[in-house]
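First comes the structure, then the notes that go with it.
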Amino acid sequence: GRYKIDAAANYITSFLTEKFTRKILEASSAVIANSNYLGERYEDHYSIETDTVYPFVDLEDYRVEETGDKILHVNPTEEKGIDLTLEVAEKMPEKEFIVAGTTKKEEVKQRMEELDNVEHLGYVEMKKAYRQTKIALVPSKWEEPYGRIPIEAGASGMPAIATSNGGLPESVGNQELLVDSEDPEEFVEKIREVQENYDKFSEKARKNSEEKSQEKQLQKFEEIMNRVAE
């Protein structure tokens with residue numbers, strides 16, 4: 001039947017893609033991953049060595065002089081944990097939340113409208129969002145290869161509280177800001193912990209962003225290219 005034909009086509013496509021990818025990697029002088037997490041996955045699967053260069057984030061594109069008091073969530077999708085953020089907002093009516101990005105899910109749109117302390121910004125220039133922000137929330141449910149938001153927010157000293165999925169621990173750069181579950185109560189507790197020690201977390205977030213800035217990553221990339229050329 002049609003199902004068996006589709007399944008067979010998907011298997012063949014997957015097999016050919018895997019074979020083609022392996023040939024490219026084996027013929028490469030260097031393989032660069034955008035996080036240690038992803039590099040380890042490639043090393044385990046393909047038995048190759050990798051170098052890590054984090055995504056290029058120009059901090060000046062996101063740095064703002066003044067920040068606000070709100071909690072920011074970027075990209076209101078299930079994978080990015082918007083349902084978890086909205087549960088946290090429901091449990092913290094005294095805090096204001098802003099959500100950047102769009103969604104096609106009507107139930108998500110409706111829930112954002114129903115919560116008085118949640119403002120849906122839609123597509124917005126990120127500096128405009130960061131000027132209103134004090135803490136970024138990154139409750140991703142999928143294994144993020146890396147995660148730019150902690151670096152962008154950290155450029156202005158905003159801590160990012162995140163799940164410990166995929167490469168997010170590397171992006172966040174501070175074990176104290178990670179939550180190892182999808183329990184909204186744990187995120188509420190973490191937000192309150194950050195608020196009580198905000199200056200400490202802010203300074204660490206700023207330092208983490210500077211250590212992973214575009215300039216530093218370009219330098220690493222150049223070193224790898226020089227090594228290959230030799």
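Quick caveat, the model's predicted, so the values are computed rather than measured.
- Cluster annotation: Met126 and Phe56 are assigned to distinct hydrophobic clusters (Ile/Leu/Val/Met/Phe/Trp/Tyr, side-chain heavy-atom contacts under 4.5 Å, transitive).
- Scored by the salt bridge (Lys or Arg N to Asp or Glu O under 4.0 Å) test, Asp183 finds no partners at all (sequence neighbours excluded).
- At a threshold of 4.5 Å between non-hydrogen side-chain atoms, the residues Lys204 and Leu177 do not count as touching.
- Side-chain contact between Pro93 and Asp116: absent, with no pair of heavy atoms (C-beta onward) separated by less than 4.5 Å.
- Shortest non-hydrogen contact noted between Ala129 and Leu121 is CB-CD1, 4.2 Å.
- Proximity of a side-chain donor or acceptor of Glu96 to a complementary backbone N or O of Asp69 within less than 3.5 Å is not detected.
- Counting only distance, with no hydrogens or angles, the side chain of Asn165 and the backbone of Glu144 share no donor-acceptor pair below 3.5 Å.
- Counting heavy atoms of neighbouring residues, nucleotides and ligands inside a 6.0 Å radius, atom CD of Gln175 does not exceed 12 of them.
- How far CZ of Arg63 is from CE of Met158: 11.0 Å, rounded to the nearest 0.5 Å.
- By the rule that hydrophobic residues join a cluster once side-chain heavy atoms approach within less than 4.5 Å of another member, Leu84 and Met112 end up as members of one cluster.
- Between the side chain of Lys220 and the backbone N or O of Thr52 there is at least one donor-acceptor pair closer than 3.5 Å.
- In the hydrophobic clustering of ILVMFWY residues, with side-chain heavy atoms under 4.5 Å counting as a link, Ile71 and Val108 come out together.
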Verify side chain to side chain contact (heavy atoms under 4.5 Å, CB included) between Glu223 and Asp51, making sure each step is shown before the conclusion. CA-CA 11 Å; Glu223 290 171 358; Asp51 293 287; over 6 Å; no

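- Remark: Lys216 is not positioned above the aromatic ring of Tyr54, lacking an NZ or CZ atom under 6.0 angstrom from the ring centre and at most 45 degrees off the axis.
- Of the possible donor and acceptor atoms, none in the side chain of His45 sits under 3.5 Å from a partner among the backbone N and O of Glu40.
- Counted within 6.0 Å of CD on Glu125, heavy atoms from surrounding residues, nucleotides or ligands total more than 12; the atom is thus considered enclosed.
- Judged by distance alone, the side chain of Asp180 and the main-chain N or O of Ser164 form no donor-acceptor pair under 3.5 Å.
- Linking ILVMFWY side-chain heavy atoms closer than 4.5 Å, directly or via other members, places Tyr146 and Tyr42 in two distinct hydrophobic clusters.
- In this structure, NZ on Lys141 lies 6.0 Å from CD on Glu78, to the nearest 0.5 angstrom.
- Heavy atoms from other residues, nucleotides or ligands lying under 6.0 Å from OH of Tyr46 number more than 12.
- Around atom OH of Tyr198, more than 12 heavy atoms belonging to other residues, nucleotides or ligands sit under 6.0 Å away.
- Closest of all the heavy-atom pairs between His73 and Thr85 is ND1-OG1, 2.7 Å.
- Panel note: side chain Glu170, backbone Asn36; a donor-acceptor pair is recorded below 3.5 Å.
- Taking the side chain as every heavy atom from C-beta outward, Lys80 and Val74 never approach each other to under 4.5 Å.
- Residue-environment remark: CD (Glu114) exceeds the threshold of 12 foreign heavy atoms within 6.0 Å.
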Stepwise side chain to side chain donor-acceptor pair (under 3.5 Å) check, Gln110 with Glu106: CA-CA 6 Å; Gln110 182 177 349; Glu106 291 300 325; over 6 Å; no

Thr163 and Phe187: side chain to side chain contact (heavy atoms under 4.5 Å, CB included), yes or no, with the steps? CA-CA 9 Å; Thr163 48; Phe187 277 88; 3.6 Å; yes

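- Listed here is the closest heavy atom pair of Asn75 and Thr102: OD1-O, 4.4 Å.
- Taking 4.5 Å as the limit, some side-chain heavy atom of Leu137 sits within range of a side-chain heavy atom of Ile161.
- Phe201 has its side chain within reach of Asn174: a pair of non-hydrogen atoms, C-beta onward, lies under 4.5 Å apart.
- Cluster membership for Leu218 and Val57, using ILVMFWY side-chain heavy atoms within less than 4.5 angstrom, is not shared.
- Using a 30° and 60° split on the angle between ring planes, Tyr62 and Tyr130 fall in the perpendicular class, above 60°.
- To the nearest 0.5 Å, the span separating CG on Leu38 from CD on Glu43 amounts to 10.0 Å.
- Evaluation of the ring-ring contact (aromatic ring centres under 6.0 Å, His included) rule for Phe97 yields no partner, not counting sequence neighbours.
- A heavy-atom distance below 4.5 Å is not found between the side chains of Arg41 and Pro145.
- Atoms CG and CD1, from Leu72 and Ile135 in turn, are 11.0 Å apart once rounded to the nearest 0.5 Å.
- A donor-acceptor pair under 3.5 Å is formed between the side chain of Asn117 and the backbone N or O of Met92.
- Checked by atom type and distance alone, the side chain of Thr103 pairs as donor or acceptor with a backbone atom of Lys105 at under 3.5 Å.
- Within the 4.5 Å cutoff, the side chain of Arg131 has no heavy atoms near those of the Glu66 side chain.
- Under the 4.0 Å criterion applied to side-chain N and carboxylate O atoms, Lys190 and Glu193 are assigned as salt-bridge partners.
- The nearest pair of heavy atoms linking Pro159 to Ser202 is CG-N, 4.0 Å.
- The 12-atom threshold is not exceeded at CD of Glu222, counting heavy atoms of other residues, nucleotides or ligands nearer than 6.0 Å.
- Partners of Ser29 under the side chain to side chain donor-acceptor pair (under 3.5 Å) rule, at least two apart in sequence or in another chain, do not exist in this structure.
- In this structure, the side chain of Thr50 does not engage the main chain of Val31 through any donor-acceptor pair within 3.5 Å.
- The environment of Glu94 atom CD is dense: over 12 non-hydrogen atoms of other residues, nucleotides or ligands sit within 6.0 angstrom.
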